[in-house]
Amino acid sequence: MLLESYLEPYVREALDRIGAGGLVEPEFEVPRLPEHGDLATTVALQLARHLRRPPRQIAEELLAQLRLPGEEVTAEVAGAGFLNFRFSPTFYTRMLARIASEGDAYGRLPLGAGKRANVEYVSANPTGPLHLGHGRNAALGDTIANLLDWCGYQVTREYYFNNAGNQMLLLGRSVYARYRQLLGDEYPFPEEGYHGDYIWDIARLLLEQYGDRLREETEEHLRIARHTGEQWCFERIRQTLRRMGIEHDVYFNEDSLYRDGKVAAILEALRQRELLYEKDGALWIALSRFGRQDRVLVKSSGEGTYRLPDIAYHCDKLERGYDLIVDVLGADHIATIEDVLTAVAALGYDTSRIKVVLHQFVTLTEGGQQVKMSKRSGKSYTLDELLEELGPDVVRFFFLMRAPSTHLEFDLELARQQSELNPVFYLQYAHARICSIFRQARQRGIAWREDADTDCLRHPAEQALIRVLLRFPERLAKAAQLFEPQLLAEYLREVAQQFHAFYHECRILGAETEEQMHARFRLAQVTRTVLRNGLRVLGISAPERMEREPVTA
RNA sequence: GCGCCCGUAGCUCAACGGACAGAGCACCAGACUUCGGAUCUGGGGGUUGCGGGUUCGAAUCCUGCCGGGCGCGCCA
């Protein structure tokens with residue numbers, strides 16, 4: 001971003017000079033091969049269409065009209081008509097000094113300054129513990145929120161839940177059944193009830209608090225069972241999320257949409273637009289008018305289907321004035337969210353402010369075999385079990401490693417490795433290593449200078465590292481714009497890689513001159529900042545030292 | 001049957017429509033008596049599922065097949 005914005009005006013100027021201004025937007029890319037320079041533009045190739053002339057010829061003309069300042073950057077024509085730019089080593093060392101002066105704020109961007117964003121994620125109903133899919137959703141949503149925060153947005157993290165529907169009634173009945181069974185009664189377990197062991201835990205809690213006073217099956221006693229179950233599940237969910245470093249700002253209760261009359265208002269608005277009709281005693285929404293299927297909004301029993309409050313919820317979020325609304329949802333919501341957004345748009349709202357991030361499912365594997373059940377509990381893996389076994393850093397990183405749109409294979413065996421195989425440690429190790437160098441320096445009584453001249457950093461490894469560090473803001477912005485955290489994870493791997501390579505090539509404490517040592521300190525410091533900031537966005541700790549687990553061979 | 005996602009090295013995955021399709025793991029061969037070897041350097045490995053199309057250029061866009069996943073309820 002820094003480098004692109006530096007070159008852009010010059011390229012624009014050259015385009016004007018050859019009479020091609022406004023025909024194409026100058027865009028840049030980082031060539032794969034180093035021989036192709038540091039940055040390249042394909043404007044000439046794109047212009048070939050408009051000007052009906054060979055691209056290479058256009059590139060030559062552009063080059064002739066390019067008025068680059070001084071010798072810090074050079075350009076050449078290559079290949080089919082690429083314009084390749086190369087920055088001088090001095091240019092890079094100066095840029096390093098510039099980003100070093102930004103300190104811990106390096107990477108923060110003003111893209112969303114003054115704007116408000118709402119990110120909704122997890123949103124599991126309080127009927128039981130969180131599972132793997134929730135974990136991916138949680139890690140994604142939280143990281144997207146972090147990304148937007150770093151881009152300058154004022155971010156609200158929101159959790160939408162329903163504690164009023166059938167699911168909750170079933171939870172209450174399941175708990176009550178277990179409670180009665182604990183009392184020794186022959187009490188039937190509800191069909192399709194929740195079979196998890198945690199229901200027993202809640203029942204025991206009920207027994208502790210109420211003794212046998214709930215024995216008589218009444219509405220009130222069932223309500224108590226349900227309420228206790230809800231409280232317990234919600235507390236457990238929040239605890240699990242806290243272990244992952246997640247805390248929401250707003251817990252939005254679906255039921256409040258009914259209480260506040262928002263659902264009724266939506267129905268009225270839909271009716272006015274003649275989008276509702278009755279059939280078989282139910283109230284339908286005519287989505288077929290927008291190329292979709294009609295759906296029931298109010299059942300013949302008088303209850304709303306989940307789509308109804310969902311529509312009201314999205315309208316409510318829009319009315320709260322957010323510039324950007326992000327829904328993080330599992331792949332099973334693909335069809336329904338489209339319905340909801342279609343309805344919201346039909347009501348005249350600007351749904352372009354709503355971005356839906358759909359993520360595919362997670363499969364747990366071990367040694368290439370799919371794992372369905374936890375060995376310990378015999379039930380399907382809960383997020384808690386995963387966190388306990390692997391720790392939050394590994395869990396978050398694995399959930400963030402892949403693009404949301406792809407199926408995620410979570411390799412338990414690899415995740416358990418406390419070794420070089422585990423990609424998380426590769427990043428954390430680079431950070432710990434830098435911290436270790438600074439510890440060493442302190443021990444040896446070396447105080448490094450904040451203002452050291454960086455001009456001597458001419459080694460290829462040093463230059464390569466600087467080049468990577470300069471890309472941080474751009475890569476962060478891209479991850480935020482596309483809602484794809486794995487881009488940042490991949491970038492950090494590149495940073496760590498370049499640093500490790502530099503570390504092997506160039507000694508810091510054993511540098512040839514004082515000047516060189518201090519310059520390398522600055523380089524290491526910026527690297528540490530980038531790693532720390534990047535890991536923070538991913539919600540992963542940046543340890544100052546790492547203890548290797550005792551080898552158990 | 002319809003909708004969405006995916007198909008790239010032995011495995012897991014990258015690659016704003018750009019130049020010779022790249023990483024990690026696995027496999028093979030190497031590297032500091034000095035800053036942490038959880039590191040680094042090198043090597044072999046590919047008809048990008050298959051066929052058409054769009055264009056200066058396609059793993060990427062369109063289209064038809066094949067294969068896998070997920071949805072398609074007056075459940076959420």
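Chain identifiers are assigned alphabetically (A, B, ...) following the order of the sequence lines, protein sequences preceding nucleic acid strands; residue numbering begins at 1 within each chain.
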- Query: Should B/rU48 form a Watson-Crick or G-U wobble pair with both distances under 3.5 Å, which nucleotide is its partner?
  - Reply: none
- Roughly, in whole Å, what's the span from CZ in A/Phe410 to P in B/rC13? 13 Å
- Task: Take atom C1' in B/rC70 and the same atom in B/rC11, then report the distance between them in whole Å.
- Result: 24 Å
- Query: Do we get A/Arg433 above A/Tyr503's six-membered ring, with its NZ or CZ under 6.0 Å from the centre and within 45° of the axis?
  - Reply: yes
- Query: Is the distance between the ring centroids of A/Phe252 and A/Tyr313 under 6.0 Å?
  - Reply: yes
- Go ahead and name the base partner of B/rC75; Watson-Crick or wobble counts if both distances stay under 3.5 Å, otherwise write none. none
- Task: Would you indicate which nucleotide in B/rC35, B/rC70, B/rC75 comes nearest to any side-chain atom of A/Gln167?
- Result: B/rC75
- Centroid distance under 5.5 Å and plane angle under 30°, A/His504 vs B/rA31: no
- Under 4.0 angstrom, heavy atoms only, what part of the nucleic acid is A/Thr406 near: base, sugar-phosphate, or nothing? sugar-phosphate
- Assign each of A/Pro55 and A/Ile334 the nucleotide of RNA chain B bearing its closest heavy atom; nearer the 5' end lies the nucleotide of A/Ile334
- Item | Of the listed nucleotides B/rC70, B/rC35, B/rC72, the one nearest the side chain of A/Asp332 | B/rC70
- Task: Write down the distance between CD (A/Glu490) and P (B/rC16), rounded to a whole number of angstrom.
- Result: 12 Å
- Item | Results of side-chain hydrogen bond (donor to acceptor under 3.5 Å, both in side chains) for A/Ser301 - residues two or more places apart only | A/Glu303
- Note on the structure: Against the side chain of A/Leu45, the closest entry in B/rA38, B/rA76, B/rG18 is B/rG18
- Using the P atom on both, measure B/rA58 against B/rU48 and round to a whole Å. 12 Å
- Message: Regarding A/Tyr503, tell me which of base, sugar-phosphate or nothing describes its non-hydrogen contacts under 4.0 Å with the strands shown.
- Response: base
- Message: Students often get this wrong, so: under 4.0 angstrom with heavy atoms, is A/Cys506 touching a base, only sugar-phosphate, or nothing?
- Response: base
- Message: Both A/Ala48 and A/Gln360 contact RNA chain B. Which one's nearest nucleotide lies toward the 5' end?
- Response: A/Gln360
- Item | Nearest-angstrom distance, P atom, B/rU47 to B/rC65 | 26 Å
- Query: A/Ile434 versus A/Arg532: any side-chain heavy-atom pair under 4.5 Å?
  - Reply: no
- Query: Within the pair A/Lys279 and B/rC74, is there a side-chain N or O less than 4.0 Å away from OP1 or OP2?
  - Reply: no
- Query: What nucleotide among B/rA76, B/rC35, B/rC70 has an atom nearest to a side-chain atom of A/Ala331?
  - Reply: B/rC70
- Indicate, with a heavy-atom threshold strictly under 4.0 Å, whether A/Asn84 touches base, sugar-phosphate, or nothing. base
- Task: With C1' as the reference atom in both, quote the distance from B/rU12 to B/rG3 in angstrom, rounded to an integer.
- Result: 28 Å
- Message: Students often get this wrong, so: under 4.0 angstrom with heavy atoms, is A/Glu29 touching a base, only sugar-phosphate, or nothing?
- Response: base
- Query: Whole-Å distance between B/rG73 P and A/Leu308 CG?
  - Reply: 18 Å
- Give one of base, sugar-phosphate or nothing for A/Thr363, where a contact means two heavy atoms less than 4.0 Å apart. nothing
- Task: In whole angstrom, give me the gap between the P atoms of B/rA21 and B/rG44.
- Result: 14 Å
- Between B/rC72, B/rG68, B/rG36, which nucleotide has the shortest distance from any of its atoms to the side chain of A/His407? B/rG68
- Side-chain H-bond candidate by donor/acceptor type, A/His333 with A/Asp327, under 3.5 Å: no
- Go through the structure and list residues passing side-chain hydrogen bond (donor to acceptor under 3.5 Å, both in side chains) with A/Thr365, not counting sequence neighbours. A/Glu409
- Item | Given B/rG71, B/rC74, B/rG24, the nucleotide with the shortest approach to the side chain of A/Gln497 | B/rG24
- Using atom C1' of each nucleotide, how far apart are B/rU8 and B/rG22 to the nearest Å? 10 Å
- Item | C1' spacing across the pair B/rU39 / B/rU34, given as an integer number of angstrom | 16 Å
- Mind checking A/Ala335 for me? I need base, sugar-phosphate or nothing, with any heavy atom below 4.0 Å counting as a touch. sugar-phosphate
- Task: Check the distance between B/rG24's P and A/Arg402's CZ and give it to me in whole angstrom.
- Result: 13 Å
- Query: With respect to the phosphate group of B/rC74, does any side-chain polar atom (N or O) of A/Tyr306 fall under 4.0 Å of OP1 or OP2?
  - Reply: no
- Item | Separation of B/rA19 C1' from A/Leu83 CG (nearest whole Å) | 14 Å
- So what does A/Glu494 hit on the nucleic acid, given a heavy-atom distance under 4.0 Å: a base, only sugar-phosphate, or nothing? nothing
- Note on the structure: From CZ of A/Arg53 across to P of B/rC56 the rounded distance in Å is 16 Å
- Item | is_close_aromatic(A/Phe521, A/Phe438), centroid dist under 6.0 Å | yes
- Interatomic distance at C1', B/rC4 relative to B/rG42, whole Å: 44 Å
- So, is A/Tyr426 close to the B/rC40 phosphate, meaning a side-chain N or O under 4.0 Å from OP1 or OP2? yes
- Nearest-0.5 Å distance that lies between atom OH in A/Tyr6 and atom CZ in A/Phe85: 11.0 Å
- Query: Between B/rG36, B/rC13, B/rA19, which nucleotide has the shortest distance from any of its atoms to the side chain of A/Arg545?
  - Reply: B/rG36
- Does B/rU55 have a Watson-Crick or wobble partner in any strand here, with both distances under 3.5 angstrom, and which is it? none
- Item | side-chain N/O A/Gln428 vs B/rA38 OP1/OP2, d < 4.0 Å | no
- Message: Considering every strand and a 4.0 Å limit on heavy-atom distances, what is the contact class for A/Asp310: base, sugar-phosphate, or nothing?
- Response: nothing
- Query: Quick check, are the ring centers of A/His459 and A/Phe502 under 6.0 angstrom apart?
  - Reply: no
- Query: If pairing requires Watson-Crick or G-U wobble contacts with both distances under 3.5 Å, which nucleotide is the partner of B/rG24?
  - Reply: B/rC11
- Message: Can you tell me if A/Phe82 is stacked onto the base of B/rA19, using a 5.5 Å centroid cut-off and an angle below 30°?
- Response: yes
- Task: Could you classify B/rC27 for me, syn or anti, using a glycosidic angle within 90° of 0 as syn?
- Result: anti
- Message: Measuring to OP1 and OP2 of B/rG37, would you say a side-chain N or O of A/Arg433 lies under 4.0 angstrom away?
- Response: yes
- Query: Is there a donor in the side chain of A/Gln167 and an acceptor in the side chain of A/Asn162, or the other way round, less than 3.5 Å apart?
  - Reply: no
- Task: Please work out if A/Asn166 contacts a base, only the sugar-phosphate, or nothing of the nucleic acid, heavy-atom cut-off 4.0 Å.
- Result: nothing
- Note on the structure: Side-chain contact check for A/Arg439: nearest option of B/rG36, B/rC20, B/rA19 is B/rG36
- Would you mind classifying the nucleic acid contact of A/Gln486 as base, sugar-phosphate or nothing, using non-hydrogen atoms under 4.0 angstrom? nothing
- Of the candidates B/rC74, B/rC72, B/rG37, the side chain of A/Tyr429 sits closest to B/rG37
- Query: Quick one: is B/rC6 close enough that its OP1 or OP2 comes under 4.0 Å of any side-chain N or O from A/Ser405?
  - Reply: yes
- Message: Can you identify which nucleotide, out of B/rA15, B/rC35, B/rC40, has its nearest atom closest to the A/His500 side chain?
- Response: B/rC40
- Message: Once you apply a heavy-atom cut-off of 4.0 Å, does A/Ala403 come out as touching a base, just sugar-phosphate, or nothing?
- Response: sugar-phosphate
